[in-house]
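Below is one structure, written out as structure tokens; the observations come after it.
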Amino acid sequence: MPMPISKNKLKWIHSLSLKKHRDAENCFLAEGPKTVEDLADNFRLRCVLATDRYLESAKRLNAEEVVEVSQQELEKASLQKTPHDCLAVFEKPQGFSEADFSIEDTLVLALDGIQDPGNLGTIIRLADWFGIAHIYCSMECADAFSPKTVQATMGALGRVACHYVDLPRWIKMLPQTIPVYGTFLEGEDIYCKDLRGGGLLVMGNEGKGISPAIEALVTERLFVPNYPLNRATSESLNVAVATSIACAEFRRQMRQ
């Protein structure tokens with residue numbers, strides 16, 4: 001039977017819209033059957049609020065608490081305008097050691113000050129599509145566990161690890177044999193560059209691009225050409241679109 005949600009539980013769920021509370025509780029929110037079910041395979045599931053329609057047809061979720069609620073009660077808890085069937089609270093993953101992961105002979109993303117949660121979520125989803133398991137984010141990046149970012153990943157957050165690091169210091173720790181790529185308007189044509197060895201691909205802030213501190217560490221400057229080259233066009237590409245083009249070209253060459 002549908003149950004009313006207590007005021008304390010509603011307050012707790014709503015508090016997770018703020019990073020300081022997500023960090024304090026070590027939890028984050030996800031909404032919608034597809035996102036919740038994908039994340040349930042990779043994160044500990046603390047609580048699920050779901051309608052009877054969803055619970056009757058959904059796969060069994062290994063949650064500490066499952067609460068059947070009416071659509072009206074779900075709307076009270078949800079951060080979305082039109083919630084769809086379920087809302088879940090997951091535990092955030094454990095931290096990591098910066099020395100735990102090797103990026104030799106593979107492709108890894110580094111994000112330098114990506115501010116928009118939608119862009120970050122889309123990039124995480126792109127990384128999942130192109131088989132990139134790790135993203136290293138500067139401390140200025142949007143939070144990968146914010147509700148908007150989580151929804152934009154469409155469940156990919158469970159398969160792509162996002163690490164928040166002092167990005168300049170972390171890049172300096174990498175072996176000198178690993179190329180550090182960045183996209184610039186004055187870079188080398190990405191379609192003429194040998195990218196088969198992989199490396200670290202840095203994508204910059206939506207408005208400012210790659211910061212001077214990171215630019216100084218880039219060893220290979222790439223340019224995504226417009227067509228035709230002498231035609232007046234937009235000033236730049238959206239960072240998620242540029243990431244998609246760059247990752248696709250890396251993967252195209254690495255398949256050959």
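Model, not experiment: these values are computed from the prediction.
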For the student: nearest non-hydrogen atoms of [X] and [Y], plus distance:
X    : Y    : value
M154 : D38  : O-OD2, 3.7 Å
V48  : A88  : CG2-CB, 4.2 Å
T243 : V239 : OG1-O, 2.7 Å
A30  : F90  : CB-CE1, 3.8 Å
A77  : L10  : CA-CD2, 3.5 Å
C86  : L74  : N-CD2, 3.8 Å

Spacing of [X] atom [atom1] and [Y] atom [atom2] [to the nearest 0.5 Å]:
X    : Y    : atom1 : atom2 : value
W12  : C47  : CH2   : SG    : 6.0 Å
N42  : L157 : CG    : CG    : 9.0 Å
L174 : L200 : CG    : CG    : 6.0 Å
L87  : Q80  : CG    : CD    : 8.5 Å
K148 : N119 : NZ    : CG    : 12.0 Å
Q71  : T82  : CD    : OG1   : 9.0 Å

Closer than 3.5 angstrom, by distance alone: can the side chain of [X] be matched with the main-chain N or O of [Y] as a donor-acceptor pair?
X    : Y    : answer
Y164 : A144 : yes
S138 : G113 : yes
S244 : A240 : no
E68  : T51  : no
R251 : G131 : yes

(request) List the steps and the verdict of side chain to side chain contact (heavy atoms under 4.5 Å, CB included) for F250 and L222. (result) CA-CA 12 Å; F250 269 93; L222 302 175; 4.2 Å; yes
(message) If the condition is ring pair (Phe, Tyr, Trp, His ring centres under 6.0 Å), which residues does F145 pass it with, not counting sequence neighbours?
(response) F28
Qualifying residues under side chain to side chain donor-acceptor pair (under 3.5 Å), relative to [X], sequence neighbours excluded:
X    : result
E64  : R44
T35  : none
W129 : none
D194 : R196

Are side-chain heavy atoms of [X] and [Y] found at a separation under 4.5 Å?
X    : Y    : value
S17  : L29  : no
V165 : M139 : no
C137 : I114 : no
C162 : H134 : no
H21  : L18  : yes
V150 : L39  : yes
L167 : L111 : no
L195 : M254 : no

(request) Could you check E65 against R46 for side chain to side chain contact (heavy atoms under 4.5 Å, CB included), going step by step and ending with a plain yes or no? (result) CA-CA 6 Å; E65 181 183 16; R46 289 275 297 271; over 6 Å; no
(request) May I have all residue pairs that pass side-chain hydrogen bond (donor to acceptor under 3.5 Å, both in side chains) and include part of residues 107-116, sequence neighbours excluded? (result)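 Every pair satisfying side-chain hydrogen bond (donor to acceptor under 3.5 Å, both in side chains) with a residue in residues 107-116: D112-S211.
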(request) Could you please spell out the steps behind the side chain to side chain contact (heavy atoms under 4.5 Å, CB included) verdict for T106 and V108? (result) CA-CA 7 Å; T106 189; V108 171; 4.1 Å; yes
Who passes salt bridge (Lys or Arg N to Asp or Glu O under 4.0 Å) against [X], sequence neighbours left out?
X    : result
D23  : K19, K92
E249 : R252
R22  : D143
K208 : none

(message) If only side-chain N and O atoms count, and only distance matters, is there a donor-acceptor pair under 3.5 Å linking E31 with S78?
(response)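 Note: S78 and E31 side chains meet the donor-acceptor criterion.
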(request) Would you tell me whether S70 and Q72 have side-chain atoms, one donor and one acceptor, within less than 3.5 Å of each other? (result) no
(message) According to salt bridge (charged side-chain N to carboxylate O under 4.0 Å, His left out), does anything in residues 77-88 pair up with another residue at least two apart or in another chain? List the pairs.
(response) R53-D85
Got a list of side-chain donor-acceptor pairs under 3.5 Å for residues 180-192, not counting sequence neighbours?
unit_1, atom_1, unit_2, atom_2, d
E186, OE2, R221, NH2, 2.1
E188, OE1, K193, NZ, 3.3
D189, OD1, Y191, N, 2.9

(request) Apply the side-chain contact (heavy atoms from CB on, under 4.5 Å) test between I123 and each candidate in T149, T153, L109; give the one that qualifies. (result) L109
(request) Determine, step by step, whether I135 and I124 satisfy the side chain to side chain contact (heavy atoms under 4.5 Å, CB included) criterion, reporting the C-alpha distance in whole Å, the side-chain angles of both residues, the deciding distance to 0.1 Å, and the verdict. (result) CA-CA 8 Å; I135 298 177; I124 294 170; 4.0 Å; yes
